[in-house]
2 protein chains.
Amino acid sequence: MNNSRTRRRGEELIAAIHAAVIEEVMEVGVGRLTMDGIGKRAATARTTLYRRWSDPIEVLLDALYHAHPVEEPSPGADDLRGDLIRALRLMRDWMLSPAGHAVASILTDPVSASKISEELVDRVFAVRGGTFTNTVLRHYAERGHFPAELLTPVVADIGEALVTKRLIDTRTPPSDADLADMVDQAILPAIGLGPDVRGRRRPDPEA
Amino acid sequence: MNNSRTRRRGEELIAAIHAAVIEEVMEVGVGRLTMDGIGKRAATARTTLYRRWSDPIEVLLDALYHAHPVEEPSPGADDLRGDLIRALRLMRDWMLSPAGHAVASILTDPVSASKISEELVDRVFAVRGGTFTNTVLRHYAERGHFPAELLTPVVADIGEALVTKRLIDTRTPPSDADLADMVDQAILPAIGLGPDVRGRRRPDPEA
DNA sequence: GGAATTAGATACACGAGTGTAGCTTAGGAT
DNA sequence: ATCCTAAGCTACACTCGTGTATCTAATTCC
């Protein structure tokens, strides 16, 4: 297959395979994943794959398990609105990454859905469970910027839900301005700040 | 294949095939759709399928195109909150139906995504674009129950987005109580009604 | 009742992916 | 320098899906 003088082994090879399966799923979808396709893309022999995994979905799950964890939003400055927007930006960028696509792909596939372990869910998928804006919201709720009772599971989901939906039905990522609108028009009102009837602009009123 | 005295033709046969492909996609996903699988499930010969469609995705798209349109929410009573909940209930039930699954499946599949026509989008997918709560919200906005400027595209999406997200990440449909929470804690606040700090209960304050 | 239509069945050559076996050889360890 | 592990390669038998061709018989139309 490859006559080159270098033959990859161990970590290096596995990393290449992980990258390959994630690219592959982005291109053909989970349902059309094959050992053959993964092998070709990673420039390795099918036998090598079978030595480690039993089928394409196992390869994918393993790849996701070892994927770099998503950067977490750090509520640094005293700027709720800004931090929320930043959190959504992180989420949007992650969803646009190959790993993000792969996760979305797996979650909507009937076959692979049943194979995902508890551990994987915690490690990889939990980010979708609201980690992004939730981290920020909890931080500011604890500091009394808004009543903590308002931070319900539903409210913690609003931002991520809107970003997800936008991606699904328009297939184009929301711009930074779109994210700001989501924060201003949906999240902030839900925690008792707003909405501003006069429209789009909304500097963070904070305390 | 089937020795029975009755041989289906025309409409009847096509309807059976449509039903079959939609069941099939629910079970195996778009990526694993095959003419063979569809044929077997519909108890018809593959030749019959090829006479009409060139590949499995075409069959699926045709099925969706001919699917019964989703029931639209009718904002009848003077009950914004109740109508919103009913709208979300309609949406949830539709998403749980085979057709709903099929649509979700197609929208997240990289291959079929490129084959969907403008027409199909308008006819079938538009419901996800906000038709459910949007219909209700527009109705009450026009009647002055809340300021119309607040009904932005983002706000029109909140309910559907939350329902979608809940389904994707927990894989269990939201209960009626969950839907009520979404309305109370996310939609109503966004249009200037609430949130009620004391918590869950929220009779429609209306005008 | 006869003709036209079209579903059903069967067969076939083909390609793609599978899972395994066996061999060769590069890379790393000692 | 040698040994051992593991990657690369080839081959094979097998299954599944494809697309087409051909024949048959059920249904419908008149």
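Just so you know, these numbers come straight off a predicted model, no measurement behind them. The figures that follow rest on heavy atoms only: side chains count, while hydrogens, waters and symmetry mates do not. Labels below follow one simple rule: chain letters A, B, ... track the order of the sequence lines, proteins then strands, and each chain is numbered from 1.
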Using whole Å, what does the distance between atom [atom2] of nucleotide [N] and atom [atom1] of [X] come to?
X	N	atom1	atom2	answer
B/E12	C/dT6	CD	C1'	14 Å
A/K40	D/dG8	NZ	P	16 Å
A/L33	C/dA16	CG	P	18 Å
A/R32	C/dG15	CZ	P	22 Å
B/I38	D/dT18	CD1	C1'	13 Å
A/D55	C/dG19	CG	C1'	12 Å
B/L49	C/dT6	CG	C1'	14 Å
B/M35	D/dG19	CE	C1'	9 Å

Along DNA chain C (nearest heavy atom to each residue), the more 5'-positioned of A/D36 and A/T47: A/D36
Could [X] and [Y] be called an ion pair, given the rule that one side-chain N must be under 4.0 Å from one carboxylate O?
X	Y	answer
B/K115	B/E58	yes
B/K40	B/D36	yes
A/D62	A/R52	no

Distance below 4.0 Å between B/T48 side-chain N/O and C/dG8 OP1 or OP2: yes
Phosphate-side-chain proximity, B/T44 and C/dA7, N/O vs OP1/OP2 below 4.0 Å: no
Touch class at under 4.0 angstrom, heavy-atom based, for B/R52 against every strand present: sugar-phosphate
Aromatic ring pairing B/H18/B/H66, orientation class (parallel under 30°, perpendicular over 60°, tilted between): parallel
Look at the side chain of [X] against the base of [N] and say whether a donor-acceptor pair falls under 3.5 Å; ignore hydrogens and angles.
X	N	answer
B/R46	D/dG19	yes
A/R7	D/dA6	no
B/R9	C/dT5	yes
A/R8	D/dA7	no

Contact nearer the 5' end of DNA chain D, comparing B/P56 with A/R51: A/R51
Heavy-atom closest contact (A/N134 atom, A/E160 atom, distance): N-OE2, 4.3 Å
